[in-house]
J.: 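Could you have a look at this structure, given as C-alpha cells, before my questions?
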Amino acid sequence: MAGKSKGARNKAKAQGGSQAAVAAEPEVPVTDGVEDAKPEIEEVSEPAVVEGSDTGAEKEQGDAAGETQAAKKPAEGEVHLYPVSVKTQSGEKLELQLSPGDSVIDVKQFLLDAPETCFYTCYDLLLHTKDGSTHELEDYNEIAEIADITAGGCSLEIVAAIYDERSIRSHLRRVRELLSLSSLHVSLSTSLALQQESAQEKSADTAGDSGKTANQELDGLNFMEDSTGAVINLLPSVPAEIKCVGSIVFSSFNPPPSYRRLHGDLIYIDVMTLEGNKYCITGNSKSFYVNSSNGSILDPRPSKQALEDSTLVGLLQKISAKFKKGFREILDRKASAHPFENVQALLPVTSWLGAYPVPEHRRDAARAEDSVVLSYGTELIGMQRDWNEELQSCQEFPHSNPQERILRGRALYKVTCDFVDAAVKGAVGVINRCIPPINPTDPECFHMYVHNNIFFSFAVDSDYEQLPKDQKPNGQNGSGRSVIGSSDPGSKPNKNHADPSGTTNSKTEEPNGVLDNTSDASAEAQIADSEQATYASANNDLKGTKAYQESDIPGLYNLAMAIIDYRGHRVVAQSIIPGILQGDKSDSLLYGSVDNGKKISWNESFHSKVVEAAKRLHVKEHVVLDGSGNPVKLAATVECKGIVGSDDRHYILDLMRVTPRDSNYIGLQHRFCVLRPELVASFIEAESTNKSTTQKVADAPGESNGQLATTAEGPAKSDENSVPRPDKFDEDSGPRPGTSDDSSATKPAEHNESTAEILFNPNVFTEYKLAGSPEEIAADEALVKKVGSYLLDTVIPKFVQDLCSLDVSPMDGQTLTDVLHSNGINVRYLGKVADMIKHLPHLRGLLSSEIIVRSAKHVVKEILRQSADHDIGPAIAHFLNCFIGNVLAPSTKGSVDSTDTKTQKGHEKTQNQKSAEGQKSSLSASSKNIVPTFSHLTSDGIWSNIKEFAKHKYLFEVTDDAKTGAKRVAVLRNLCQKVGITIASRKYDLDAAAPFQPSDILNLQPVVKHSVPVCTDARNLMEAGKIRMAEGTLNEAYALFSEAFSLLQQITGPMHKDAANCCRYLAMVLYHAGDIPGAIVQQHRELIINERCLGLDHPDTAHSYGNMALFYHGLNQTELALRHMSRTLLLLSLASGPNHPDVAATLINVAMMYQDAGNMSTALRYLQEALTKNERLLGPDHIQTAICYHALAIAFSCMGAFKLSIQHEKKTYDILVKQLGSDDSRTKDAESWLNTFKSREQQVNAQKQKGQQGTNPPANPIELLKANPDLVRALKAAAKQPGEGSANVNRSLNAAVVGEGVPRVRGVDERAARATAEVRKKAAARGLNVRSGQAPDYMSNLSQILNYLGSAKAPTASGSTPATAAATSATASTQNASEGQQSNGPPQNGTAGNTNGPSSKKSGGSTPVGLGTSLELKKQKSKQKS
C-alpha cells in the first residue's frame, strides 16, 4: 500500500505514508536516499520544527521526490507512486499518491486517514480518466485492473452512497472514535522533542540555563538506588481530552416505527451541543437531518432551518460552532503526532502499571451502550465469522510472485489477529461463566464451549497438581489426549480431539507411581488427570501448529489456535473443523490415533502430504505397531490426528511432539518434554559442519567433553537431574553422558549425505511400540540421545560462557526467555544454567528470580482459581503481601506453617479437579459466606510452595535469602506481566509487612499465546541486509532493509516488532553513512513501535531511548540527549534493577555527555558510580572494570589532573595484563596511554617551573594525540570501523573490550549484532568470502588496535564514549582535526564511520559507536585476513 494525502502528509498513516517514501529509496545511493527521506524525517522526528512552519516546502519536496520517481525506470519489486486528485462530497480537493497495484480498499484506507475525508464512511468512488470515461470502483478491484493511472490525468470523486442499518451504525462508531483521543499514543520521545523545540523558539538566550536544568534534572533522577521511585514515572501523562460536543447517544425513540421505516428512517440520535442546545437527529438512508421532535413525542419532520448533511460530522459542524472549532483542534492534535502514534496495534501489549491516582470514572452514555450489547467478540449485526473458512481460504491464495505473497500474507495476518482478538474475548466470557457449555452433563473439567465459531476447552496446570501429592504420578501427561477433550471421533466436538478411554490411560500410568484411590473424589481426579489437556501439551500443540504453518504444505491444513491465561485458568481456543459438530463423522479420521495407538488410521494421500511436511521438519518416516501388532508407516507422532472436514480439506491436529523427545527427561510424567526447533536446527548445522571437515569430526567429541569439564558441574548436574525423578528416569539417563561419542557410529549410513538427511523419529522414548529392526530403533534412539547430550554438553556450556563474557546480556525475565529459546534451550533448564553461574551475582540473581517468579505464577494462579469473583482483588493483594511483604498467620488460629498450607492445598486440589474451571468452589464459598480461601495464606506457606515447585520443576534450590532479593521492583514487574495483573503506579514501601492494599489492584488481564504467522520474505531480506551491512556495503544494506520495511508495512502494518528491527537497522546504516538526522527518524520510529508492541518498559524500548540519546548527542543537542538517557536509566532500573552491567554502561555514556558539556564534576560522579557497579557485579579484575578506570583516566586528563589519570590508567593496564597478557594490542594501547599521561604531566610540571602556568590544560586530549602519531593512526583506523565490539550504541564502551566473537545481545542492537555474526559464521563455514569493507589501508592496523580501541572505545573512548561517538563534534579544534578523516571516501564505501570520524575528537578516540554492532563483522574479517 502506498499513498499519501497531500493535504495531510504528516498525518498519513504509516501504511500509506512511510512506504511511499521508503519505496522510492532503494535505488538511490544512500546519500540520496537520505535526501529523499528528509521531508519525512523532519516531520517525524522533530514534529515541532515542521508543524506550522514549512509544510509548504515539505510538500514540494515530497512531490519532487514523487516526480523523479515516476520518471525513473521501475526497478523490480519497487513501488511507484502517481498523483491522483480526489474531489470530496463537500467539493474540497486533495491529492493522493497511488500505485497501480493499490486496491480500492487501500485507497479508502488512505482517505480514512486524511483529515479532509476521515469522517466519510459510506460512499462510492468514481475514477475519471484522461479520455473522459468514468469507472465505478469495486472494493476488491486493483486500480490497474480498471484504468491506467500511470498516464496521468486521472481523478477520483467521492459520491455519497445509500446507508443501511449496519453502515449507519458503523458511521456513528467512527464519529465517536474521531472525537476521542484515546487512540493516540504519544511517545515520550516525541513530547521531549516538541518541548525542546518550543523552548528553543522562546529564546536562544536562555539555552544555557535550560542546559543547566537538564543537568540538574538528570542528577536528581537517582533511579540507581531506588527503583520504586521509577514506578511512579513510567506512565506518560494522558493527553487532555478536547471537548467538541456534550453527548451523542442513541435516542429512546429507537427503533423507528414501521411507517417511518418505509420513508427510510434507520436511527434516531440525541445530541447535546456545548452551547447547551438539544437536538434530535434522524439518520435515514440518504442523510442526517435535525427533526422537529421535542419532549417525548416523535415529530419526524425536518426542523425549520432545514439542517441536513450526508455525514453526521458535517451536520454537527452546521449546528454548533464550538463543535466545528473543537473538531478542528482534535484533527490538528492527531496530525501533529507521529503518523505511527495514530496506528492501532493489532496485538496490543498490556501494561502492568495503571494510572495513579485512579482517574475519575465519568458518565459516558456511548460507552454504556456498547457494554450493554456485550457479545464476547461476536459481530453485532450480520452473520458470525467462519474463522476456519477465512483462514483456509487465505491459505489457498496463490503465492507464486511477490505481489501475490503480499496479498496472501496480509490476509492471513489480518484474519489471525482478528481470530486472536475474538478468542480472547470469548475465553474471558467462558471463564466468567457467561457462555454455557455444549456438554453440560459431563464432569465440569471436560466442559467444552462453542462461541462465535470458536471452540474453547480448559487445560490444567499439571506441574502444580503434582506438588501436594508427591506420591501421585501425575497422569495428566500420560494421555494422548489433546488440548481439546472430546471423547469420540464424531459425536463429541472438535476434531476427535481425544481418547475415548480414560481408563486405559489410567492403567498405563499405574506402574509409574502409587495411586491414591482412597475416595471417590480422587478416583475422579485420577480420570480427570489422564484425560485432561495440560499446560505443557497445549504449549507444544501451539508450537507444532506454528511449525506446520511455516512448512506450508499445499493441501495440508491447520487450525487457528490461541492459548489464553486468565484468572488462573488456561483456555485453549481453536477454529472449528467443518462438520465435526454435526452428525456422525466417525469415518473422518484418516491418519493417526485417537486411542493411544490401539487403532492407528492411515491414508495414502494424507500420508504423502505429511511426509512432505516431515522432510521440512526433520521428522523421519518410520513404522509403528498398533494395539493388534499391525505395522503402520507414519511420518508424525502416533497421537496426531489427520481428519477430513466436510469441506474435503485435510486437517492435521494434536501436534504436541513435532520435535523429538528430550532424552534428558524420560518417563511418562515428562511426556511433553520435547526439544526446541532452534536446537534441532543448530544440531543439524553442527553435524553437517562436523562432517564437511574431517578434522573437525575428530575434534568434536573431545571439544565438547572439554567444555563440559571446564564447567565441572556438567556431569554432576546431570546426575542430580535424575535424583528427584521417578525410577524410570534413572535407567535412561544413565547412558547419557557416554552417548555423544558412539552415537555417530550407530547413526544410519544415509545420514552422511547432507543436512537434510538428519531425520528424527518422534516416537522413540514413548510408550508406543516401534516396528523395524533393533539396529534401526537403536540408531533412532541414539540420534535423539545425541541431541540431548549436545544440549547438555555443548549448547548450555556455550550459553553460560556467553552470559559470563557478557556476549549475551539479558535484562529481565522476558529477554532471558527469548535468549534461552533462541539458543534452543528449554526453560526447564533454568535451574541447571543458574547453578553454573554462581560467581556472577547479577546473572545468578536474574536466573533465580526468574525461577521464583515462574514458580510463584503457578501458586497465584491456584489462589485465583479458588477465589470467588468478589475476592479476586483482595486475593491478589494478599498474595503479593505474602510474596513480597511478611504476612504471619492470624493469631486466633495459631501459626499455620507450610505443611498445613500444603494439606489445605491438597484438599483444594480434589475440589479443584472436580471443576477444572474452579467455579464450584468459588460459588460455594460465596453462598455460605465462609472465610475466603486465601485468608489462611502466610508468607512462609507461599514461599515453601515456591521452593517446592522450583525444586520439582527446575531442580533448583531456592535459598532462604531469596525472599529479600524478591523485594525488587523487577521481580514484581515480571510476576505482574506473567499473570496479567495491573497495579497502581504509586510508590510502594516494599520493606513493609503488607505493602499492597486491595485498592492497588486495578485490573486482571488475559495473557495470550498465539500462532500469528511471520513474514518470511521480510526476514530473509533483513538477513541479507545484515550481511551487506557486515560487508560495509551500506547502499545495498539500506535498499534491502527499506524493502523489508515496505513489505512489512503492507503485510502487518508498521506496528510489528519485525518492523521495529528494520527501523533499527535503517538507523544504523544512516548513522554510519553520516546522516544523523535520518538515523534519528528511523530510530524514533523504532522507539514508537517498541513502546506499542513490546511495552513501555521493555529492555528493547530502553535501548531505543539510549540510541536516540546518542544520535541527539551527535547533533550537539546534549540537553535532549540527557533527557532520553534519563528515560533509559528509568526503564533499565524497572526491568533489571540497578545492578546490571548495562546500567553501568549507560552511566558511562551519561558521563561522557556531561564531560562534553563541560560538566566534569557530574561526569565523574557517574563514572565513579559505574566503576562501583562493575567492581561489585563483575569483580575488580574484569575487563569492563578496566574500561571504567580508563574512562576515569581520560576524564581526569581533561581536567588536567594527570596524577589521577596515571593512577587510573595504571589500574587499567594491570587488569589488561592479567586478563589478556602483555602482548595483547589492548594492553599495549593502555601502556601508550600511560606514557602519554606521564609525558603530559612532565610538560605541565616543566611549565609550572618556568612560570608559564597561564595556559590551562586543554579541554580535550588533542595535543596529546599530536604527540603520539601512532595513536592517531590507530584512532583513524578505529574510526573507519565503527562500533567495533559494541553491540549497542549505548553500550559500546561496555561491550567493547570483551567481545570479538559474537556481538553482545543486549536487547536491541545486540540482537542485530548477534545475527550478523551468525550470518558471517555460516558464510565462512560454506567457504564464502564475505567482502570486507572498502577501506583496505586501515585493515592491517585494525587487527592490532581495534580490539582495545573499539572495545574500550579506545583511549578516549571512554572519554568520548560511545555515546559521544558522533556526538562530540563539540569543539572547533576537534572538528578540524577530524574533518580530514570525514572526507575519506564516499559513504557508500562502507566507511561507515566517516561522519563519525570526529569520534577521535574530543575524547581523542572513541569510534563512532553508533550502531556499530552490525559492522562488527568487517572487523572479524580483517582479523581473519591478518
Side-chain angles (χ1 to χ4, degrees), residues 350-352 354 374 376-377 420-437 444-445 447-449 451 454 456-465 483 532-535 538-539 562-573 853-880 882-883 905 908-909 911-927 932-935 937 942 945 975-983 996 998 1000-1010:
T350 52
S351 170
W352 65 282
L374 181 68
Y376 293 107
V420 170
D421 186 52
V424 171
K425 291 173 179 160
V428 169
V430 165
I431 292 168
N432 289 338
R433 303 186 298 287
C434 299
I435 294 170
E444 229 173 314
C445 54
H447 278 177
M448 292 168 283
Y449 305 79
H451 175 71
I454 301 174
F456 298 95
S457 60
F458 283 91
V460 296
D461 185 351
S462 60
D463 287 316
Y464 196 79
E465 304 284 318
V483 180
Q532 187 68 36
T534 62
Y535 277 25
N539 277 341
I563 297 175
I564 297 99
D565 286 306
Y566 178 62
R567 276 185 60 171
H569 301 287
R570 170 161 287 189
V571 170
V572 180
V853 166
R854 282 172 175 273
S855 307
K857 175 180 76 173
H858 289 271
V859 179
V860 73
K861 282 183 169 182
E862 171 68 7
I863 294 168
L864 286 172
R865 281 195 290 274
Q866 303 293 335
S867 300
D869 293 6
H870 53 268
D871 281 336
I872 289 190
I876 295 173
H878 185 80
F879 170 81
L880 291 176
C882 293
F883 180 60
K905 279 252 159 61
E908 286 168 5
K909 202 54 82 296
Q911 206 181 7
N912 190 40
Q913 295 202 311
K914 274 187 225 158
S915 75
E917 291 105 289
Q919 305 302 4
K920 277 188 184 158
S921 51
S922 62
L923 289 175
S924 57
S926 56
S927 55
T933 46
F934 62 82
S935 56
L937 297 172
I942 291 278
N945 278 353
L975 180 66
C976 288
Q977 285 175 333
K978 283 186 168 58
V979 184
I981 299 168
T982 302
I983 60 173
F996 298 92
D1000 292 327
I1001 312 300
L1002 301 183
N1003 200 356
L1004 184 60
Q1005 306 177 84
V1007 177
V1008 193
K1009 296 181 178 180
H1010 49 68

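When a residue number appears, it is its place in the shown sequence, counting from 1. Bear in mind the structure is a predicted one, so any value in this text is a computation, not a measurement. Every heavy atom of this structure was used, including side-chain atoms; hydrogens, water molecules and symmetry mates were not.
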J.: Report the C-alpha distance between Phe879 and Phe996 in whole Å, list the side-chain angles of each, state the deciding distance to 0.1 Å, and finish with yes or no for side chain to side chain contact (heavy atoms under 4.5 Å, CB included).
T.: CA-CA 9 Å; Phe879 170 81; Phe996 298 92; over 6 Å; no
J.: How about Tyr449 and Ile454: do any of their side-chain heavy atoms sit closer than 4.5 Å?
T.: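 Sidechains of Ile454 and Tyr449: no contact.
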J.: So which atom in Tyr535 and which in Ala459 form the shortest heavy-atom distance, rounded to 0.1 Å?
T.: CE1-O, 3.7 Å
J.: Work out which heavy atom in Gly426 is nearest to a heavy atom in Ile435; give both atom names and the distance.
T.: O-CD1, 3.6 Å
J.: Are Ile563 and Val1008 side-chain neighbours, meaning at least one heavy-atom pair lies under 4.5 Å?
T.: no
J.: Apply the side chain to side chain contact (heavy atoms under 4.5 Å, CB included) test between Trp352 and each candidate in Ile983, Val979, Ile981; give the one that qualifies.
T.: Ile983
J.: Just one of Ile863, Leu880, Val860 clears the side chain to side chain contact (heavy atoms under 4.5 Å, CB included) bar with Ile942, so which one?
T.: Ile863
J.: Do Ile1001 and Ile872 come within less than 4.5 Å of each other through their side chains, counting heavy atoms only?
T.: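 SC-SC contact between Ile1001 and Ile872 ruled out.
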J.: Indicate the atoms forming the closest heavy-atom contact of Val420 with His1010, along with that distance.
T.: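 Answer, listing the atom of Val420 first, then His1010: CG2-CB, 3.6 Å.
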J.: Enter the distance from Asn432:CG to His569:NE2 here, rounded to the nearest 0.5 Å.
T.: 9.0 Å
J.: Please find the pair of heavy atoms, one from Phe934 and one from Ser867, that lie closest to each other, and give the distance.
T.: CD2-OG, 4.3 Å
J.: Hey, what do you get for CD1 (Ile876) to CG (Asp871), rounding to the nearest 0.5 Å?
T.: 11.0 Å
J.: Rounded to the nearest 0.5 Å, what separation is found between the NZ atom of Lys978 and the NE2 atom of His858?
T.: 10.5 Å
J.: Return yes if some donor-acceptor pair links the side-chain N/O of Thr982 with the main-chain N/O of Ser351 below 3.5 Å, else return no.
T.: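 Pair found, side chain donor or acceptor close to backbone of Ser351.
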J.: Quick check: does any side chain N or O of His878 sit under 3.5 Å from a backbone N or O of Leu937, one acting as donor and the other as acceptor?
T.: yes
J.: Compare every heavy atom of Ala423 with every heavy atom of Ile564, then report the nearest pair and how far apart it is.
T.: CD1-O, 3.9 Å
J.: So do Arg570 and Lys1009 actually touch side chain to side chain, heavy atoms under 4.5 Å?
T.: yes
J.: Is the backbone N or O of Gly568 less than 3.5 Å from a side-chain atom of Arg865, with the two atoms forming a donor-acceptor pair by type?
T.: yes
J.: Do Phe458 and Val571 come within less than 4.5 Å of each other through their side chains, counting heavy atoms only?
T.: yes
J.: Does Lys861 have any salt bridge (Lys or Arg N to Asp or Glu O under 4.0 Å) partners at least two apart in sequence or in another chain, and if so, which?
T.: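 Salt bridge (Lys or Arg N to Asp or Glu O under 4.0 Å) check on Lys861 returns Asp565.
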J.: Taking it one step at a time, do His451 and Phe456 satisfy ring pair (Phe, Tyr, Trp, His ring centres under 6.0 Å)?
T.: CA-CA 8 Å; His451 175 71; Phe456 298 95; 7.0 Å; no
J.: Heavy atoms only: give me the nearest Arg567-Asp869 pair and the separation to one decimal.
T.: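 In this case the closest contact between Arg567 and Asp869 is NH2-OD1, 2.7 Å.
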